[in-house]
Amino acid sequence: MGGKGYALWLFIIEIFVHFSTSSSSSSGNKVPAIIVFGDSSVDSGNNNFIPTIARSNFEPYGRDFFNGNPTGRFSNGRIAPDFISEAFGIKQSVPAYLDPAYNISDFASGVCFASAGTGYDNATAMVADVIPLWKEVEYYKEYQKKLRAHLGDENANEIIREALYLVSIGTNDFLENYYTLPERRCEFPIVQQYEDFLIGLAESFFKEIYGLGARKISLTGLPPMGCLPLERAVNILEYHNCVEDYNNLALEFNGKLGWLVTKLNKDLPGFQLVDANAYDIILQIVKHPSRFGFEVADTGCCGTGRFEMGFLCDPKFTCEDAMIVVLLFYDLFLFLF
């Protein structure tokens with residue numbers, strides 16, 4: 001990856017060091033599996049197998065993956081859970097749960113339940129008819145039953161307990177739902193009210209998977225979403241600069257997520273929830289791209305040539321040397337930079 005992967009590997013190393021240390025100190029066990037919940041930032045192809053337009057199963061997606069074919073990842077190649085899995089010495093990619101090419105023996109060391117376009121809010125998933133977060137949890141319960149049947153209760157429970165859970169979600173709730181459709185804005189006329197609503201949903205989600213056995217979780221918050229290529233493309237009145245109101249909102253919401261992390265770690269015995277907030281890293285890449293090996297940081301590599309939208313991705317408007325850097329980019333923030 002060279003210099004271009006610097007920020008990604010800083011992020012991965014931070015997660016690796018934390019959970020490697022906690023694993024060795026608590027049980028002597030290594031992380032046996034990577035289990036993923038979230039949106040397109042971590043979807044490894046589940047949307048390929050549901051009736052939705054929120055897919056990336058066409059060129060130029062996947063052109064730098066192992067076989068050069070689209071996988072359903074919103075990336076030119078692998079995504080962050082794949083690299084994190086490799087960093088823990090597990091495997092080079094984390095398969096999508098709905099992909100029929102894989103079975104429980106493959107999923108025993110890592111599985112992805114994420115769905116591009118989803119959010120904490122069920123209404124967000126309805127925008128593009130994707131998998132809501134509650135359904136991701138239902139798939140996880142189904143996975144646990146299959147795992148126990150495959151490995152026996154003791155071995156399966158150990159994997160569930162010692163696995164590293166990656167959660168990357170939330171941007172779609174604001175940009176695809178709250179600021180795009182009127183229903184939630186009518187219900188929550190002040191955006192901070194909607195933030196608190198999402199925090200309540202997030203708390204319920206984490207408590208539920210804790211009750212199902214999850215103990216080691218890395219939570220990614222919101223990126224500087226006002227700097228996403230689509231948001232900049234439509235910010236004509238401000239000369240395509242970042243939308244600072246969206247960035248400030250992301251900071252505010254990430255602060256509330258940080259409070260939730262502290263609360264849950266205190267309230268839930270044995271819970272290790274890490275606030276893997278990459279906002280600052282991403283903003284530094286946007287503001288100082290050359291420090292990270294990039295040439296362009298104000299437009300996306302994949303779109304129509306004017307609007308950076310994944311569903312309209314045209315190979316003619318794709319960079320020759322595209323690179324995804326960190327793990328939490330919004331569904332329409334495709335081949336970044």
Side-chain angles (χ1 to χ4, degrees), residues 1-2 4-20 30-49 55-57 60-99 101-103 105-116 118 136 139-140 143 159 163-169 216-220 223 274 276 278 281-282 301-302 310 321-331 333-337:
M1 295 174 64
K4 294 184 178 181
Y6 179 69
L8 171 62
W9 284 106
L10 280 178
F11 190 72
I12 291 174
I13 288 169
E14 179 181 355
I15 294 173
F16 181 78
V17 169
H18 178 90
F19 286 107
S20 293
K30 296 181 179 179
V31 170
I34 302 295
I35 298 176
V36 185
F37 294 94
D39 56 24
S40 69
S41 55
V42 289
D43 182 359
S44 56
N46 284 307
N47 278 18
N48 285 353
F49 307 99
R55 295 185 181 183
S56 55
N57 59 341
Y61 290 110
R63 68 184 189 188
D64 298 315
F65 201 71
F66 297 118
N67 56 11
N69 295 324
T71 63
R73 290 167 172 82
F74 280 73
S75 169
N76 53 296
R78 289 190 287 169
I79 53 180
D82 300 320
F83 290 110
I84 292 171
S85 176
E86 183 179 32
F88 276 99
I90 302 173
K91 54 187 176 185
Q92 291 184 305
S93 62
V94 180
Y97 182 66
L98 297 184
D99 191 336
Y102 300 96
N103 56 42
S105 62
D106 302 301
F107 299 145
S109 57
V111 61
C112 173
F113 303 104
S115 177
T118 201
E136 292 186 25
Y139 284 138
Y140 174 57
Y143 160 76
I159 289 175
L164 171 58
Y165 295 76
L166 304 178
V167 179
S168 178
I169 194 169
K216 305 172 184 178
I217 303 177
S218 171
L219 168 62
T220 301
V274 172
I281 292 177
I282 300 172
C301 275
C302 182
D321 187 16
M323 179 66 70
I324 295 290
V325 191
V326 275
L327 72 118
L328 42 61
F329 294 113
Y330 174 56
D331 292 345
F333 193 18
L334 314 168
F335 297 113
L336 310 177
F337 316 129

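What you see is a predicted model, and the numbers here were worked out from it, not measured in a lab. Position 1 is the first residue of the sequence; numbering continues from there.
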Original post:
Between Val42 and Leu166, does a side-chain contact (heavy atoms from CB on, under 4.5 Å) hold up when you go through it step by step?
Top reply: CA-CA 8 Å; Val42 289; Leu166 304 178; 5.5 Å; no

Between [X] and [Y], what is the shortest heavy-atom contact and its length?
| X | Y | result |
| --- | --- | --- |
| Ala108 | Ala33 | O-CB, 3.6 Å |
| Glu136 | Ser115 | OE2-N, 3.5 Å |
| Ser44 | Cys112 | OG-CB, 3.2 Å |
| Val31 | Ile90 | O-CD1, 3.6 Å |
| Phe65 | Asn69 | CB-O, 4.1 Å |
| Arg78 | Gln92 | NH1-O, 2.9 Å |

Distance (rounded to the nearest 0.5 Å) between [X] [atom1] and [Y] [atom2]:
| X | Y | atom1 | atom2 | result |
| --- | --- | --- | --- | --- |
| Ile217 | Leu164 | CD1 | CG | 9.0 Å |
| Asn57 | Phe49 | CG | CZ | 9.0 Å |
| Tyr61 | Ser75 | OH | OG | 9.5 Å |
| Asp43 | Ile79 | CG | CD1 | 7.0 Å |

Do [X] and [Y] have side chains that get closer than 4.5 Å, going by heavy atoms?
| X | Y | result |
| --- | --- | --- |
| Asp39 | Ser168 | yes |
| Tyr140 | Val111 | no |
| Phe66 | Thr71 | no |

Subject >> Any residue meeting ring-ring contact (aromatic ring centres under 6.0 Å, His included) with Phe107, in chain and number order, not counting sequence neighbours >> reply: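 Listed in chain order: Tyr97.
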
**OP:** Could you tell me whether a side-chain N or O of Asn47 sits under 3.5 Å from a main-chain N or O of Ala116, the two making a donor and an acceptor?
**Re:** yes

**OP:** Kindly indicate, with the supporting measurements, whether the criterion side-chain contact (heavy atoms from CB on, under 4.5 Å) is fulfilled by Ile35 and Phe113.
**Re:** CA-CA 8 Å; Ile35 298 176; Phe113 303 104; 3.7 Å; yes

**OP:** Not counting sequence neighbours, which residues clear side-chain hydrogen bond (donor to acceptor under 3.5 Å, both in side chains) with Asn46? List them please.
**Re:** none

